[in-house]
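First the proteins, then the strands, lettered A, B, ... as listed; each starts at 1. Reckoned from all heavy atoms, side chains included, excluding hydrogens, waters and symmetry mates.
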Number of protein chains: 2
Amino acid sequence: MDITIKLITAAEQLFDGHGYMATGMDRLTEAAGISSRTLYKHAGSKSALMAAVLTERDRRFMRQIDVLSVDALFAALEDWIRIEGARGCLFLRARAETGGETPEIAEAVSAHKSAFRDRISDIVAADIGDADPDLSEQILVLFEGATHAAVYRDGAAIEAARAAASVLVEKTRS
Amino acid sequence: MDITIKLITAAEQLFDGHGYMATGMDRLTEAAGISSRTLYKHAGSKSALMAAVLTERDRRFMRQIDVLSVDALFAALEDWIRIEGARGCLFLRARAETGGETPEIAEAVSAHKSAFRDRISDIVAADIGDADPDLSEQILVLFEGATHAAVYRDGAAIEAARAAASVLVEKTRS
DNA sequence: AAGTATGTAAAACGAACGTTTTACATTGCA
DNA sequence: TGCAATGTAAAACGTTCGTTTTACATACTT
């Protein structure tokens, strides 16, 4: 299997489960089954590896929420969390752990959040037939809230977000 | 000024701004203006200091959201963020950075989230006149979402949450 | 006036950090 | 056949980590 994929997959899992800073390089090499020399040949540095993990996760996540209705968006989130688990947004966590002081990471985070926001606007537009910035912002807040409340409220948080979103969309549609 | 207060205040600021793991003990002693010997006399360990910071923050935060209506709740959040800034939930961040593997911290986090949830249930009950678990869960999700979306969406996230909450409360009231 | 707390400054602890280096094995292309 | 390229294993790099210790100063308490 391709080394870069193995490395990024292992790194994402460890960063997600134990935190970025709390995950040492030896734990990464062991989990990926590669030597530290090879790790640095491929990743360059720990910061670069973190940024690469975020870039790859952005691709996977954006594919997951490639839907055409608000309801499908929250169904997609439910699927995502059932498979990935709920430990908060890995992008916001990366920014928080680095204090936003690592440029390559800060950039990966804001690129993702920008794309995420655009995607939600598109979904809202497809659902109700027109662009609606206010409703889009509300859906974004509900999605972000479901993601983080799910850490300690599990499925109930996503169900609540989905129901609330349905009310807001119906109200706008009429 | 009392040393423990000085220490916890400085620690909260540093943990919030730069991350828990990324903040070293020497940075804490320097910011608090105390020796490392005194720090360990008072805090015991870094984990204990983190837990103490969370316990104290829980007190401040709960006082901040001591309100009687859902709208006042989001007004309180707006005030909080204007003063404290928006860097996500310090409790969820602590759990994430430690992977939930530090008992004293995990306990402080779940104690806070439990109290937080109870408070929201009380506010909803006071606002609409009766307990409403479903609406309470939706308000909790909106609050959590506003807290985290505000990191990159600033005031717009809180305004959106407030407006959405108003719609949901009005719908329930009628 | 003596003794007990409580503080500082600074060195030292071993362990772990991210990263680089040395030495060697394997592979694939000229 | 030989030379890059690419991998591993393992030691070593200097730094920083959380924590403890040593030595000393400054107060209260009785």
Side-chain angles (χ1 to χ4, degrees), chain A residues 1-55 93-106 108, chain B residues 1-55 93-106 108:
Chain A
M1 200 219 246
D2 182 66
I3 281 188
T4 301
I5 293 177
K6 240 188 352 183
L7 173 56
I8 288 188
T9 303
E12 181 180 346
Q13 206 170 147
L14 287 171
F15 289 157
D16 189 23
H18 305 278
Y20 293 93
M21 293 308 207
T23 301
M25 300 305 270
D26 47 352
R27 220 163 171 189
L28 287 167
T29 56
E30 195 194 345
I34 61 175
S35 68
S36 72
R37 197 177 204 270
T38 304
L39 188 152
Y40 277 92
K41 226 45 133 178
H42 281 80
S45 69
K46 190 181 186 181
S47 300
L49 177 58
M50 289 171 58
V53 164
L54 293 177
T55 300
R93 287 172 54 194
R95 168 183 286 188
E97 285 208 40
T98 57
E101 289 154 7
T102 315
E104 41 194 342
I105 294 170
Chain B
M1 200 219 247
D2 183 66
I3 279 186
T4 301
I5 294 177
K6 241 190 350 186
L7 173 56
I8 288 188
T9 303
E12 181 179 347
Q13 206 171 147
L14 286 170
F15 288 155
D16 190 23
H18 304 280
Y20 293 93
M21 293 310 209
T23 301
M25 299 306 270
D26 48 351
R27 219 160 169 193
L28 287 167
T29 57
E30 194 195 345
I34 62 176
S35 68
S36 73
R37 197 177 204 271
T38 304
L39 186 153
Y40 277 91
K41 245 1 157 203
H42 281 80
S45 69
K46 189 180 186 181
S47 300
L49 177 58
M50 289 171 60
V53 164
L54 293 178
T55 300
R93 287 172 55 194
R95 168 182 287 188
E97 285 208 41
T98 58
E101 290 154 7
T102 315
E104 40 194 341
I105 293 170

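- Set against D:dT8, C:dT19, C:dT8, the side chain of A:Ser45 has C:dT19 as its closest nucleotide.
- Map B:Thr38 and A:Tyr20 each onto its nearest nucleotide of DNA chain C; the residue landing nearer the 5' end is B:Thr38.
- Atom CD1 in A:Ile34 sits roughly 13 Å away from atom C1' in D:dA9 (whole-Å rounding).
- Taking CG from A:Leu7 and NZ from A:Lys41, the interatomic distance works out to 14.5 Å, rounded to the nearest 0.5 Å.
- With rounding to whole Å, A:Leu39 atom CG is found 11 Å from C:dG18 atom C1'.
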request  = Decide yes or no on side-chain contact (heavy atoms from CB on, under 4.5 Å) for B:Glu97 and B:Met50, but give the supporting numbers first.
outcome  = CA-CA 11 Å; B:Glu97 285 208 41; B:Met50 289 171 60; 5.8 Å; no
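- Separating the NZ atom in A:Lys46 from the CG atom in A:Leu28 is a distance of 7.0 Å, to the nearest 0.5 Å.
- Distance OH (A:Tyr40) to C1' (D:dC13): 12 Å, rounded to an integer number of Å.
- B:Gly33 comes within 4.0 angstrom of sugar-phosphate atoms only, judged by non-hydrogen atoms across all strands, and of no base.
- To the nearest 0.5 Å, atoms CG (A:Leu49) and CG (A:Leu39) are separated by 6.0 Å.
- If you measure from atom NZ of B:Lys41 to atom C1' of C:dG7, you get 10 Å, rounded to the nearest angstrom.
- One finds a side-chain N or O of A:His42 lying less than 4.0 angstrom from the OP1 or OP2 phosphate oxygen of D:dG7.
- If you take CD of B:Glu97 and P of D:dC17, they are 14 Å apart, rounded to a whole angstrom.
- Judged by distance alone, with hydrogens and angles left aside, A:Ser36 brings a side-chain donor or acceptor within reach of the base of C:dT20, the pair sitting under 3.5 Å.
- Scanning atom types as modelled, one donor and one acceptor separated by under 3.5 angstrom connect the side chain of B:Arg37 and the base of D:dT22.
- Nucleotide C:dC17 holds its P atom 10 Å from the CG atom of A:Leu28, rounded to whole Å.
- Within the 4.0 angstrom heavy-atom criterion, only backbone atoms of the sugar-phosphate kind lie near B:Thr23; the bases stay farther away.
- Note: CD (A:Glu30) to C1' (D:dT8) measures 15 Å, nearest angstrom.
- More than 12 heavy-atom neighbours from other residues, nucleotides or ligands sit within 6.0 angstrom of CD on B:Glu101.
- If you check C:dT20, D:dG18, D:dG7 against the side chain of B:Lys46, the one that comes closest is D:dG18.
- Closest to the side chain of B:Met25, out of C:dG18, D:dG7, D:dG18, is D:dG18.
- Atoms CD1 (B:Ile3) and C1' (D:dT26) sit 13 Å apart, rounded to a whole Å.
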